[in-house]
Amino acid sequence: MTEKILVEIAWPYASASIHVGNITGSHLPADIYARYHRLKGNDVVMVSGSDSHGTPVTVKADAEGTTPLEVSKKYHQEFVELFQKLGIHYDQYTTTHTENHFKVAQSFFLALKENGFLYEETQKQWYSEKADRFLPDRYVEGTCYICGAEGARGDQCDHCGSMLDSTLLKDPISKMDGSTPVLKETTHFFLDLSKLEDQVVSFLESKQEFWRANVVKQSLGWIKAKGLLGRPITRDLEWGIPVPVEGWDGKCMYVWFEAVIGYLSATIEWDKLGDENAKWEDFWLNPDAKASHFIGKDNIPFHAIMWPAQLLGAGETFCKIFGEGQGKLTLPYDVPANEFMNMEDRKISGSKNWGVWGLDFLSRYDPDPLRFYLTINMPETRDSNWDWDDFVRRNNDDLVATWGNLANRVLSFTHKKWDGIIPEPGQLSEADNALLDSIEKGFDTVGNLIEEVKLRAALSEAMRLASEVNKYLDDTAPWTLVKTDPQAAATTVYVAIKAIDSLKTMLSPFLPFTSEKLNSYLRAGQPLFGEQYTQTVQDNLGEHTVLRYKATGTGQWKPSDLKGGIAFQKPEPLYKKLEKEVAEEERARLN
RNA sequence: GGCGAGGUAGCUCAGUUGGCAGAGCGGGGGACUCAUAAGCCCUAGGUCGUGGGUUCAAGUCCCACCCUCGCCA
């Protein structure tokens, strides 16, 4: 049965470069999952985009003396370039600053309003008369009213660790312009989460056996602690999506509320730009569709509590207001949140330049070694650590030695002794069949692990199978056999090539570039995967670039059916060994 | 402070319902030579964060504490 698989990745803020922690946290696991399902023949749509709105973008623009639009466009272009070079195959990577997203988000807002899940409330907030605007809590500094420490932020005091009520902060100063802010009343829309609490709780309870423990337990624990309270969904901002209600000029939707709606709007944009087979309704109004959110642990409450609440609240009314489709919006199938990756035992930090940035890495190294290291070290159950010595070691001792060398030794040997033609096998021995059976079972084992998003284990299992082929070769020793029994040696080599051809498929979600290269040796003109391309979209807000995917791949998640007698080109090594000194050089780049 | 996750071999991590502590890599030794001095075989190693408790039996269950990370509308 063909499944509808929606793969949704947390939207990166268009105000800072993407580092290895971001990649291993969400984009990479999502891509591996999506590629696997594409090979399985399922209908996959993988969506995300740049979060163009929000305070970080505005702050960056102020700092650089430019506009939020320019800042967001610059980072968006950078992200699109990175995903292409790293092979993150988005069907639709867009931005939140599009006419389409505005319309979807506003319809969503109005659906919640019509269904009675919004209310208005007036609160006091710091206001800079100098800049003529309200200040986000974390951009107000002052003296902590609990411990008396200076330099406390409006939302938290780093000295005593307390969460603060920003309006009680003493001697406040605006971090944006250095002025002394004043408290001013402002009215906002709130999402009435208390009315949705019961539905969210039963939704989470239904996922208890299936979702990762940290996701379910943290979410249920949060709700149990205080209950779900109303939460503001609008802010006093110029830059963002206007509140679609008369008399609300100068107010925009809060990004936490608006950005997650991007999953829906990106799918709708994908539909509009695609052919008649591309239907957003198949993924959003279909209870059997499987929608998974790939996020970091900091984002759990927004995807496991807020977003389900938003979807439940909008319900069938969204379609009515939006004017397309009919039915209830589908709730998430899974939220496989990852923990964090540290850099050389310290937290990754953009401002301290402590990290490895995706594009910078790819200017010196190939994408697959990065994907390999980030997968085998993925922070699935606890924080993990990027260590340059470990990177070099994993590259040389695992990737090159176990898998790269296996492919190279077999293909080189065959090319030398059989003139570049895969030999015809004779009768298969017990050992031959045992190896091929083992590999065949691997498709189920590895596939199931990927479906459960246990990607470290999945990759380890595939590597273990590669190791099994190495053992098989040493046991059968075709380089000796070829001197005494050429037909037996031919059979052995054929079996080994078939095993490698299968492993290439099994590893291709993880290592797409080198798998494609290996595949091209054996099946010229039959690529495993499709192609990425960019497209410029014009609308009332200007133009934006989207990254899209053309599904022209021929790869299938099943054992090799390669026949003897096929000519193949002389192989080149798939990976490079790295000098040990690389680790020292790279560490010197930090900070 | 509250909630959640994590703490197991030198390193990175597995350990399902309690039942003789596991893997990969690194270290030590060996046979081979197709291969990127890669691969294969053998081997060494651990007070399972700490302290109590339950049990015939605890990495696993209970209590307290320590450390790391995240969240707290």
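Chain identifiers are assigned alphabetically (A, B, ...) following the order of the sequence lines, protein sequences preceding nucleic acid strands; residue numbering begins at 1 within each chain. FYI, side chains are in, hydrogens and waters are out, and symmetry mates aren't considered; it's all heavy atoms of this structure.
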Chemist: Answer with base, sugar-phosphate or nothing: what part of the nucleic acid does A:Asn396 contact at a heavy-atom distance below 4.0 Å?
Modeler: nothing

Chemist: Given that both pair distances must be under 3.5 Å and the pair must be Watson-Crick or G-U, what runs of three or more consecutive pairs involve RNA chain B?
Modeler: B:1-7 with B:66-72, B:10-13 with B:22-25, B:27-30 with B:40-43, B:49-53 with B:61-65

Chemist: Evaluate whether atom CG of A:Asn353 has more than 12 neighbouring non-hydrogen atoms of other residues, nucleotides or ligands under 6.0 angstrom away.
Modeler: yes

Chemist: Expressed as a whole number of Å, how far does the P atom of B:G51 sit from that of B:C13?
Modeler: 24 Å

Chemist: For the C1' atoms, the ones on B:G45 and on B:G28, what distance do you get once it is rounded to whole angstrom?
Modeler: 12 Å

Chemist: If we take the P atom in both B:G26 and B:C11, what is their distance in whole Å?
Modeler: 16 Å

Chemist: Look at all strands and tell whether A:Asp475 reaches a base, only sugar-phosphate, or nothing, counting heavy atoms closer than 4.0 Å.
Modeler: nothing

Chemist: If each of A:Arg456 and A:Ser467 is mapped to the nucleotide of RNA chain B with the nearest heavy atom, which maps nearer the 5' terminus, i.e. the 5' end?
Modeler: A:Arg456

Chemist: So what does A:Thr381 touch, heavy atoms closer than 4.0 Å: a base, only the sugar-phosphate, or nothing?
Modeler: sugar-phosphate

Chemist: Under 4.0 Å between any heavy atoms, over every strand shown, what does A:Gly227 touch: base, sugar-phosphate, or nothing? Just pick one.
Modeler: base

Chemist: For A:Leu228, report the nucleic acid contact type (base, sugar-phosphate, nothing); a contact means any heavy atom under 4.0 Å.
Modeler: base

Chemist: Without decimals, in angstroms, what is the distance between A:Ile376 CD1 and B:A14 P?
Modeler: 11 Å

Chemist: Check whether any side-chain heavy atom of A:Leu522 lies under 4.5 Å from a side-chain heavy atom of A:Ile500, and answer yes or no.
Modeler: no

Chemist: Could you work out which one of B:C40, B:C13, B:A73 sits closest to the side chain of A:Trp222?
Modeler: B:A73

Chemist: Report, as yes or no, whether the 6.0 Å neighbourhood of atom CD on A:Gln487 holds more than 12 heavy atoms from other residues, nucleotides or ligands.
Modeler: yes

Chemist: So what does A:Ala225 hit on the nucleic acid, given a heavy-atom distance under 4.0 Å: a base, only sugar-phosphate, or nothing?
Modeler: nothing

Chemist: Count the heavy atoms belonging to other residues, nucleotides or ligands that lie under 6.0 Å from NZ of A:Lys251, then report whether that count exceeds 12.
Modeler: yes

Chemist: Going 5' to 3' through nucleotides 62-69 of chain B, assign each nucleotide B (protein heavy atom under 4.0 Å from a base atom), S (under 4.0 Å only from sugar-phosphate atoms) or - (no protein heavy atom that close).
Modeler: -------B

Chemist: Return no unless some side-chain N or O of A:Arg382 is found under 4.0 Å from OP1 or OP2 of B:G7.
Modeler: yes

Chemist: For RNA chain B, what residues of residues 206-214 of chain A have any heavy atom nearer than 4.0 Å?
Modeler: A:Asn214

Chemist: Would the number of heavy atoms belonging to other residues, nucleotides or ligands and lying under 6.0 Å from CD of A:Glu579 be above 12?
Modeler: no

Chemist: Determine which pairs satisfy side-chain hydrogen bond (donor to acceptor under 3.5 Å, both in side chains) with at least one residue from residues 473-484 of chain A, sequence neighbours left out, and list them in order.
Modeler: A:Arg409-A:Asp474

Chemist: If a protein heavy atom is under 4.0 Å from the base, mark B; if only from the sugar-phosphate, S; if neither, -; do that for nucleotides 31-36 of chain B going 5' to 3'.
Modeler: --SBBB

Chemist: Looking only at atom C1', what distance separates B:C65 and B:C72, rounded to whole Å?
Modeler: 24 Å

Chemist: Is A:Arg393 salt-bridged to A:Asp390, cutoff N-O under 4.0 Å?
Modeler: yes

Chemist: Which residues in residues 495-502 of chain A have a heavy atom closer than 4.0 Å to any atom of RNA chain B?
Modeler: none

Chemist: Can you tell me how far P in B:G49 sits from the matching atom in B:A38, rounded to whole Å?
Modeler: 35 Å

Chemist: Judged by each residue's nearest nucleotide on RNA chain B, which is more toward the 5′ side, A:Arg393 or A:Asp298?
Modeler: A:Arg393

Chemist: Looking at every strand, decide which applies to A:Arg464 at a 4.0 Å heavy-atom threshold: base, sugar-phosphate, or nothing.
Modeler: nothing

Chemist: Where the side chain of A:Arg394 is defined as all heavy atoms beyond and including C-beta, which of B:U12, B:C71, B:A73 is the nearest nucleotide?
Modeler: B:U12

